J.: 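This is the structure I have questions about; it appears just below.
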Amino acid sequence: MSDDEQAGGPAQDAPDKPDTARSPDAGGKRADDRRNAGDGKAGPRDADARRTDRRRDRDDRSRDDDGASGDGDDDSAEDEAAERERERERAAGRFREHTRDPLAEEDGEDGPTDFAAAARARRATRLLFDLGRDWTSFDRSYFRSAHIGDVNLRLDTRHTGAGIRGGPVPDDELRRLRRVHVEPEGYRQLCRTLRSRRLLVLGAAPGTGRTSTALSLLDEVTITAVHTADTATGSRVRRVDGDDGVRRLAASLDEPRGGEDEAAPRATGYLLELSLTRPGALPPDEMDLDELAAALERRDAYAVVVVTVGSAANPLLTGRYGMICPPAPTAELLRTRLRERLEGRTAAAPDGAAGPADLPARAEELWATGEVRDAVGLDDLRPAEAELLASLLAGHVLGDFDHEALLTGCRSLAASQAREWFAGVDRALAAPPAEPDGTTPRVGTATLFHPVAFRIALAVLGGASHSAVAAAAHLLTWELSVQCDPDNTPARPLFCDDPEADLALSRAELKDGEVEVAGAGVPARLIWYRGSALPSAVLSELWDRHFPVRTPVVRWLRQLADDPRSQVWMRAAVAAGELCVRDFDHGWTELVRPLAEAGTPRRRIFAATTLDQAAGHASHRGTVHRLVGDWSRGGSAALRWTAAMALGYGNAAATTGDTLDALARIGVRDDGDQLAVASFNVVRLLALPDAAQVLARVSEWTHHKREPYQDLGLVTTVRLAVTTVDEVLMDDPDAPLAGRGDWPLPLALAATRPELVAPMADLLWTALNTARARDVAMDALEGLLRSAVRKDGTEWTRPGLAALLPALATGEFDRRGLDLLLRRMMHDHENPLPEARARDLWWLAVTPPPRTRGRGPRRERTREEERHG
């Protein structure tokens, strides 16, 4: 018989002659007895003895069957043999069906879910919602205001002076501005442009210090000019009501004032802040700006028009008067604010403390600590935030409050920014202004809601590609618009998006990275918040303070659950789990339960991931345990499937033993209808520290007296052999397995955890020597052998094979099977294994692992080794 025929035939029993290479104490004991007596840490010779016992049991049963059939006629014996062969083939077919991809669509294998990419997306997203950090998790209390020492923390969006609409800027304010203003990059160019053109349109995001920069520019260009009588009274720089507009300001400059010579230069600077987001607001055109510049020239005056970056302001910022105002550097902002705070309070330093000159340095060192920076959670600070942080740092170094109070104040900064972003967004829709003819104009809801929709999408999908976040933001914009104005179909211009404005208005940044498309990595531009605290702050503000918005957001999250891209639906599932922690009743009713019973695997995985994320919080862990446990016992088929996926994360039950019990209930029920998903999630648990306990339980299943449990153990073993590390790796980026993402899981475990080699080898041996599992187990073993070296010839999983193969092929019978498999691989017409590589794999199998010197006689070569040597 040829080698190919031997390798492709049915499972063979051991030869009649006992294997002399086996342990001498193997005879006379049954496999179950040895399994029960073992401690789970048996060496290769113990495993070898167990395997010999199992073969002898099969030999005894075969001889009994042969003796019984010999009493009848030859036709009856042939019929029985044929029926047994057909039953074996049916069992093998059922087993192969159980080992198919459990995440594929129910209709076939055409739509598998790329769980490896989804697992990587989940690990990246959970870093944004680190459950161990109170300042970014949803377990923290919500601040509105606090008074720490003499530092009053105002955490709402009402700023001092917000009601001032026009009038002179006091000299005291200008003097303080000259003392503390930090010049942004390009400030000198802004100043030169203002001097030469008299008019400057300055664009920036709110809160970035644009108004302070505008006042500083006007103060600088007017301070040396000829002063009029108004200057002595503090009107050298004036604020202009934004409702008056550019035309009104130009007209007022040419109007004579009582008691003044019309030809006299006024040397006045004007600050005009335009709001272009209000309904019906239109930006001034270039002719209006030219007219204002000419009027300013006639009066020897200057003006700065401040606008918010965005599509509405683009015509102004791209014209001859427009310029972008960059933010001031954080380090210099904070240093300046600290110096201002500590200059007047050095006398309050406690006795025995460092000298007054050391206080600023101590405060800066405190800011440099990781704990304080993490509590703030913002990569860069805006002027108001720097001022608040400086007050906190100064108060702490002066002994006004303790370290915990300092951290409490620092954690308020991101929450304050989120509250400012969402405050009164749709106020203009509540009472739209009426036209002169009595009609009410229709407000552009899509334009109004797009900025907040982009911030929400970025909080949910942070780390995904910019295009994915932008597309999700447009979906959410539609949902918000329909919810707010259901009688009208939202309309949004197709060519008015401004990516730079989206980044500026959302404190976001783009980074070069990579996303997965059909299992292959491709370059992409990834987008993140500039601050680890912002995603949680945005979702918390959204869910806790704006209840009407929950309905459109839930609809939007359900749409994301159907997105085929792992970077989208998995990130949305993690964010949904964080929202459920804020209000589990609402999240359970609107998201978890409907998706858990959905007809597609992706939606059910979405629900399972959402539950797992909620279980990461101690406040909800017990609830999740009870729900998943109930589903595993008596839920519908869809709920049991979802429960199995939730259990695979390792957090949906109190202990590993409880998790395995629940997965076994799901796997053996209804004739193994959900055996595939149960076995897959058992394998996922092997990436956790309790892998030894999981392998021991799988071994118990394979030796169980009931066939459904045996199938569960065998299917789990085969699935272990075909699963890669990336598919099961959980959250620890520093785990030993993390650097072996594309390795088959058993080889990665063998290379990193030697204590797991013996139990894994024993399980694989059992699958290879069980008739219904042999074909798929042999295919899985072939895949492991081919992974030793990559296609380019570099080493891949050879260290793992060097640890696993000697424990798998310990005697003549096992080596004979390995020999046949290697020969079949060498004769493969489509992908022949090179002879040199086959020889190397053979020597990996027959060479025992290195032993400590003096532990026994030197091993002699076997006949098989002599023949292949």
Side-chain angles (χ1 to χ4, degrees), residues 101-105 109-129 457-473 475 508-529 535 557 559-577 600-606 608-610 612-613 645 648-649 680-681 683-684 687 719 722-735 737-745 748 783 787 790-792 794 796-797:
D101 184 3
L103 307 182
E105 300 291 343
E109 298 288 338
D110 296 334
T113 300
D114 188 355
F115 202 75
R120 285 187 286 270
R122 175 178 176 271
R123 291 196 297 272
T125 308
R126 283 173 67 88
L127 296 177
L128 302 179
F129 303 106
L458 185 56
V460 172
L461 305 179
S465 64
H466 185 203
S467 61
V469 174
L475 285 176
E509 63 179 339
L510 292 174
K511 298 180 181 179
D512 291 330
E514 190 177 87
V515 297
E516 292 192 41
V517 177
V522 294
R525 294 285 282 168
L526 308 182
I527 185 169
W528 309 78
Y529 269 118
L557 288 173
Q559 294 181 63
L560 297 186
D562 295 325
D563 195 292
R565 295 168 294 182
S566 300
Q567 62 165 323
V568 174
W569 69 264
M570 181 55 79
R571 282 182 164 86
V574 174
T600 60
R602 187 178 295 115
R603 282 198 161 202
R604 296 198 294 265
I605 300 173
F606 188 101
T609 305
T610 299
D612 172 74
Q613 188 69 16
M645 291 304 304
Y649 287 114
F680 174 77
N681 286 284
V683 173
R684 292 174 66 197
R719 194 170 298 284
V722 298
T723 299
T724 62
V725 172
D726 269 340
E727 293 179 87
V728 299
L729 191 61
M730 296 298 179
D731 305 318
D732 187 2
D734 300 323
L737 298 178
R740 296 177 169 84
D742 59 347
W743 280 42
L745 181 58
S787 70
R790 299 184 188 275
K791 291 183 179 180
D792 59 2
T794 58
W796 187 3
T797 65

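Please read these numbers as outputs of a predicted model, since none were measured by experiment.
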J.: May I ask you to check whether Thr794 and Asp792 show a side-chain donor-acceptor distance below 3.5 Å?
T.: yes

J.: Could you tell me whether the side chains of Thr724 and Glu727 share a donor-acceptor contact shorter than 3.5 Å?
T.: yes

J.: Please identify each residue that fulfils side-chain contact (heavy atoms from CB on, under 4.5 Å) with Asp742, with sequence neighbours left out.
T.: Arg790, Trp796

J.: Looking only at heavy atoms, which two atoms of Tyr649 and Asp612 are closest? And how far apart?
T.: CB-OD1, 3.0 Å

J.: Taking all atoms of both residues into account, what is the closest heavy-atom pair of Gly577 and Gln613, and its distance?
T.: CA-CB, 3.9 Å

J.: How long is the span from the OG atom in Ser465 to the CG atom in Leu526, to the nearest 0.5 Å?
T.: 7.0 Å

J.: With sequence neighbours left out, what residues match Arg740 under side-chain hydrogen bond (donor to acceptor under 3.5 Å, both in side chains)?
T.: none

J.: Output, in order, the C-alpha distance, side-chain angles, deciding distance and verdict of salt bridge (Lys or Arg N to Asp or Glu O under 4.0 Å) for Arg602 and Asp563.
T.: CA-CA 9 Å; Arg602 187 178 295 115; Asp563 195 292; over 6 Å; no

J.: Excluding sequence neighbours, so at least two apart, what forms side-chain contact (heavy atoms from CB on, under 4.5 Å) with Ala121?
T.: Met570, Arg571

J.: Please check this pair: side chain of Thr797 against backbone of Ser787, looking for a donor-acceptor N/O pair closer than 3.5 Å.
T.: yes

J.: Could you list the residues that satisfy side-chain contact (heavy atoms from CB on, under 4.5 Å) with Ala608, not counting sequence neighbours?
T.: Thr642, Met645, Ala646

J.: Go through the structure and list residues passing salt bridge (charged side-chain N to carboxylate O under 4.0 Å, His left out) with Asp512, not counting sequence neighbours.
T.: Arg525

J.: Test of understanding: with side-chain hydrogen bond (donor to acceptor under 3.5 Å, both in side chains), list the residues that count as partners of Thr723, not counting sequence neighbours.
T.: none

J.: By salt bridge (charged side-chain N to carboxylate O under 4.0 Å, His left out), which residues pair with Glu509, not counting sequence neighbours?
T.: Lys511, Arg530

J.: I'd like to check the side-chain contact (heavy atoms from CB on, under 4.5 Å) partners of Glu516; sequence neighbours left out, ordered by chain and number.
T.: Asp114, Ala117, Arg120

